[in-house]
Amino acid sequence: MIIEQQVALQNSNSFGIMARAQRLVRLHEAADVTALLAHLRSSGAPPNKPFILGGGSNIVLTGDVKPLVVKVELKGRRLVEETPKAWVVEAAAGENWHDLVTWTLHNGYPGLENLALIPGSVGASPVQNIGAYGVELQDRFDSLDAVDLQTGQFFTLTAAQCAFGYRDSVFKHTSVANLGNATSSSGSGFGLAGRALILAVRFALPKPWKPVLGYADLEKKQLQSQTTSPTAWQIYQWVCEIRRAKLPDPALLGNAGSFFKNPTVTPEQCADIIAREPKVVHYPMLNGSVKLAAGWLIDACGWRGKSVGNAGVYEKQALVLVNRGGPADPVTGGEVMTLAKAIQTSVYERFGIMLEHEPVVI
Ligand code: EPU
């Protein structure tokens, strides 16, 4: 196994932040995973857990990364099973998410089209239960294979064991429980953050395919095109158009997608905000709570288009923070977090809501 030293990470995080990995290993194939496990065993109890790097599209680097960086570059996609109820497709963790979505449609396995163009890797997709335009990863998830970096044990998790929530899963939490409990856990107090290395994910794409069009932006597209029964490809094209119009392409303008989660409040809190701010964008949830559009709250506080140093708030979507620096002078993680804190403070002072950031800060 080759441990690379002082590796530049600027091209490995979608913000384009300049930082280095003091030590980095790349996983291309199963043998690399075995070698990594042997290395971790032989190096004893490390002071820092390894840091697993996927597509780097949901991280803020605030300095050089001291723990061993494990860059997941495992590749492979295949149909593993076709039943009367679903196509089950498997992809290795290092596959690009959007390429997988495109590949499934090309091969006649629809179901992921609403999740087109989300940046990042397949291995990162269950970690934050990615979601867009009325579909969340958990709606199409079958199971995943992973390895426990502490014990070297390989395991498979079902959706219930992943404890998916809104931009949340068992992979975002730490716990003292050991892996033996994974089979009986559905999330309470159990966490695998920094411990589980996801190797492959399987998706169950339901048959017969049904379009998911409830989201307002998609309804608008359907109305414009006067199509009564769009195909999965059509929805894929619409989602790509909507995203390109609203969200910056990380290849052109560094960003980590939505920077904050949409907060949920009680109906009473929401009524109180509506009394003061009648235009607040809000969505009643099935569990009785109300979700507020964080982008709207930030926008209402006047942040859209503003900057702190090289960290900016995107002009077309206030929920997205962007890198306004050039390649030689990119935004720093410190600038991003200073801007994020200033936004949190002003939203809190005006609405009494503390926004929670989505990306992992390292
Ligand atoms: N809005 C404003 N001003 C803004 C931004 C938004 O008034 O600057 C309003 C919009 O007009 C709209 C509402 O806020 O009425 C919601 O905005 P949008 O439809 O763009 O969706 P969102 O809630 O901001 C979420 C996800 C996105 C996902 C879209 C579409 C989160 C944190 N974000 O954004 O996910 O693509 O819905 O489903 O849940 C991501 O996680 O990186 C991401 C892009």
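One-based numbering, in listed order, for ligands and for the atoms of each.
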Practice prompt. Examine ligand 1 and decide if any of its atoms is less than 4.0 Å from a heavy atom belonging to Phe260.
Written response: yes

For [atom], what's the nearest protein heavy atom and its distance?
atom: atom 33 (N) of ligand 1; value: Ser258 OG, 3.0 Å
atom: atom 26 (C) of ligand 1; value: Arg167 NH2, 3.4 Å
atom: atom 3 (N) of ligand 1; value: Asp299 OD2, 2.8 Å
atom: atom 34 (O) of ligand 1; value: Leu319 CD2, 4.1 Å
atom: atom 5 (C) of ligand 1; value: Gln317 OE1, 2.8 Å
atom: atom 23 (O) of ligand 1; value: Asn262 ND2, 2.8 Å
atom: atom 8 (O) of ligand 1; value: Ala318 N, 2.8 Å
atom: atom 21 (O) of ligand 1; value: Tyr215 OH, 3.2 Å

Does [X] reach the side chain of [Y], with side-chain heavy atoms less than 4.5 Å apart?
X: Leu40; Y: Leu36; answer: yes
X: His39; Y: Val25; answer: no
X: Leu319; Y: Asn262; answer: yes
X: Arg167; Y: Asn129; answer: no

Worksheet item: Can you find a side-chain donor-acceptor pair between Tyr236 and Thr231 that sits under 3.5 Å?
Response: no

Item to complete: Classify the side-chain pair Trp296/Glu277 by whether it contains a donor and acceptor separated by less than 3.5 Å.
Response: no

Worksheet item: Can you name the residues that form a salt bridge (charged side-chain N to carboxylate O under 4.0 Å, His left out) with Glu90, not counting sequence neighbours?
Response: Arg78, Arg202

In ligand 1, which numbered atoms sit nearer than 4.0 Å to a non-hydrogen atom of [X]?
X: Gly257; value: 42 (O)
X: Arg304; value: 8 (O)
X: Val281; value: 13 (C), 15 (O)
X: Lys246; value: 18 (P), 19 (O), 20 (O)
X: Arg243; value: 36 (O), 44 (C)
X: Ala132; value: 36 (O), 38 (O)
X: Ala293; value: 13 (C), 14 (O), 16 (C)

Worksheet item: Heavy-atom distance to atom 12 (C) of ligand 1: which of Tyr283, Tyr166, Trp296 wins?
Response: Tyr283

Practice prompt. Look at Arg276 together with Asp272 and state whether they make a salt bridge at an N to O cut-off of under 4.0 Å.
Written response: yes

Item to complete: Could you label the plane-to-plane angle of the Phe15 and Phe259 rings as parallel, tilted or perpendicular, counting under 30° as parallel and over 60° as perpendicular?
Response: perpendicular

Practice prompt. Would you indicate whether Lys75, at its atom NZ, is surrounded by more than 12 heavy atoms from other residues, nucleotides or ligands within a distance under 6.0 Å?
Written response: yes

